[in-house]
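Accompanying notes for the structure given below.
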Amino acid sequence: MSSMPSVCSRTRPPSGRTGRPRSTEADAAILEATREALVELGWSKLTMGDVAGRAGVAKTTLYRRWANKNELVVDAVAVLFDELELPDLGSLQADIENVVLQFAALLERPETKTALMAVVAESTRDEPLRRRIRTSIVDRQKRLVLEGRIRAQRRGELPADRDPAAVDATDDLIFDVIAGAVVHRALVSAEPVDEPWVARLSALLVGGLGALAH
């Protein structure tokens with residue numbers, strides 16, 4: 001199963017760096033404190049000092065790990081999305097339905113909803129933040145699309161890859177369709193992402209992939 005680096009491995013200091021090793025427990029406490037502060041205070045009132053106090057660490061500890069609030073909040077969101085997994089339920093459509101329902105459940109959590117909406121809103125006027133969202137959240141979660149496609153090919157549900165560029169473009173499209181549809185329905189339209197809706201979305205995706213393969 002393909003996977004992306006966890007938040008712990010992602011934030012480990014370079015091998016040439018001297019000093020005390022990073023504490024994964026401290027990292028987890030800091031990221032959790034960041035999400036809690038976002039829910040209670042909102043983006044504009046959130047400060048590195050407040051997060052440090054909640055996590056029980058010195059503010060300098062935060063700045064050794066994250067250069068600013070933007071980086072910290074994105075990582076606090078990213079680690080939540082790393083919880084998503086693509087099960088092997090015997091068919092591409094069933095696999096898609098399961099991971100979409102996981103995604104929807106994740107978006108129902110106050111800390112996820114608040115943090116995601118905050119960073120997306122702020123990124124509209126902050127290009128470095130937008131790039132960090134792409135690398136830390138979007139690109140990492142595309143692993144699920146890649147994993148699903150490879151598994152479907154092994155089952156014979158999809159043909160083998162022929163044009164790498166076309167495959168990459170299709171993977172991007174699949175991710176955009178799923179993420180865009182679920183986020184819009186859950187956070188913008190405030191409609192339920194329930195099993196009937198997810199079944200229709202997955203059928204549409206699988207049908208579209210079949211058409212692209214011909």
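Count residues from 1 along the sequence.
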Between [Y] and [X], is there a side-chain heavy-atom distance shorter than 4.5 Å?
| X | Y | value |
| --- | --- | --- |
| Asn70 | Val74 | no |
| Leu209 | Leu92 | yes |
| Arg134 | Asp139 | yes |
| Leu201 | Trp197 | yes |
| Lys113 | Leu187 | yes |
| Pro192 | Arg185 | yes |

Discussion item. What I want to find out is whether Asp126 reaches Arg130 closely enough, with some N-O distance under 4.0 Å, to be called a salt bridge.
Written reply: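 Arg130 and Asp126: not salt-bridged.
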Worksheet item: Salt bridge or not for Glu32 and Arg35, using N-O below 4.0 Å?
Response: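 Not counted as a salt bridge, because no side-chain N and carboxylate O are separated by less than 4.0 Å.
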Worksheet item: Please walk me through it: do Glu122 and Val73 pass side chain to side chain contact (heavy atoms under 4.5 Å, CB included)?
Response: CA-CA 11 Å; Glu122 189 67 19; Val73 173; over 6 Å; no
When clusters are formed by joining ILVMFWY residues with side-chain heavy atoms under 4.5 Å apart, either directly or through shared neighbours, do [X] and [Y] land in the same one?
| X | Y | answer |
| --- | --- | --- |
| Val177 | Leu106 | yes |
| Val57 | Tyr63 | yes |
| Val120 | Val39 | no |

Test your reading of the model: is there a side-chain donor-acceptor pair from [X] to the backbone of [Y], 3.5 Å cut-off?
| X | Y | result |
| --- | --- | --- |
| Thr135 | Arg132 | yes |
| Lys69 | Trp43 | yes |
| Ser202 | Ala199 | yes |
| Gln102 | Glu85 | yes |
| Asn68 | Glu71 | yes |

Discussion item. Walk me through whether Arg143 and Gln141 qualify under side chain to side chain contact (heavy atoms under 4.5 Å, CB included).
Written reply: CA-CA 5 Å; Arg143 66 186 169 83; Gln141 295 313 313; 3.2 Å; yes
Fill in: Working for side chain to side chain contact (heavy atoms under 4.5 Å, CB included), residues Phe175 and Leu146
CA-CA 10 Å; Phe175 182 89; Leu146 174 62; over 6 Å; no
Minimum-distance pair of heavy atoms, taken over all atoms of [X] and [Y]:
| X | Y | answer |
| --- | --- | --- |
| Leu62 | Met48 | CD2-O, 3.4 Å |
| Ser136 | Asp75 | OG-OD1, 3.9 Å |
| Arg140 | Val79 | NH2-N, 4.4 Å |
| Ile96 | Val206 | CD1-CG2, 4.0 Å |
| Trp66 | Leu31 | CZ2-CD2, 3.7 Å |
| Leu89 | Ala94 | CD1-O, 3.6 Å |

Approximate separation, where rounding is to 0.5 Å, of [X] [atom1] and [Y] [atom2]:
| X | Y | atom1 | atom2 | result |
| --- | --- | --- | --- | --- |
| Leu144 | Ile178 | CG | CD1 | 8.5 Å |
| Asp50 | Glu36 | CG | CD | 10.0 Å |
| Thr124 | Leu129 | OG1 | CG | 9.0 Å |
| Asp168 | Leu173 | CG | CG | 12.5 Å |
| Leu41 | Leu46 | CG | CG | 6.5 Å |
| Thr112 | Met117 | OG1 | CE | 12.5 Å |

Worksheet item: Has Glu195 got more than 12 heavy atoms of other residues, nucleotides or ligands less than 6.0 Å from its CD?
Response: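 Open.
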Item to complete: Evaluate the salt bridge (charged side-chain N to carboxylate O under 4.0 Å, His left out) criterion for residues Lys142 and Asp171: first the C-alpha distance (whole Å), next the side-chain angles of each, then the deciding distance (0.1 Å), finally the verdict.
Response: CA-CA 8 Å; Lys142 285 182 180 176; Asp171 284 353; over 6 Å; no
Discussion item. If the test is side chain to side chain contact (heavy atoms under 4.5 Å, CB included), which one of Thr34, Val77, Leu38, Leu80 qualifies with Glu111?
Written reply: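 When side chain to side chain contact (heavy atoms under 4.5 Å, CB included) is applied between Glu111 and each of Thr34, Val77, Leu38, Leu80, only Leu80 qualifies.
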Discussion item. Run the salt bridge (charged side-chain N to carboxylate O under 4.0 Å, His left out) test on Arg154 and Asp88 for me, step by step, so that the C-alpha distance in whole Å, both residues' side-chain angles and the decisive distance to 0.1 Å come before the verdict.
Written reply: CA-CA 12 Å; Arg154 289 172 179 164; Asp88 187 348; over 6 Å; no
Worksheet item: Does any donor atom in the side chain of Gln153 or Arg151 lie under 3.5 Å from an acceptor atom in the other side chain?
Response: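 No donor-acceptor contact under 3.5 Å links the two side chains.
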Item to complete: Kindly indicate, with the supporting measurements, whether the criterion side chain to side chain contact (heavy atoms under 4.5 Å, CB included) is fulfilled by Val167 and Arg149.
Response: CA-CA 10 Å; Val167 168; Arg149 175 169 53 78; 3.1 Å; yes
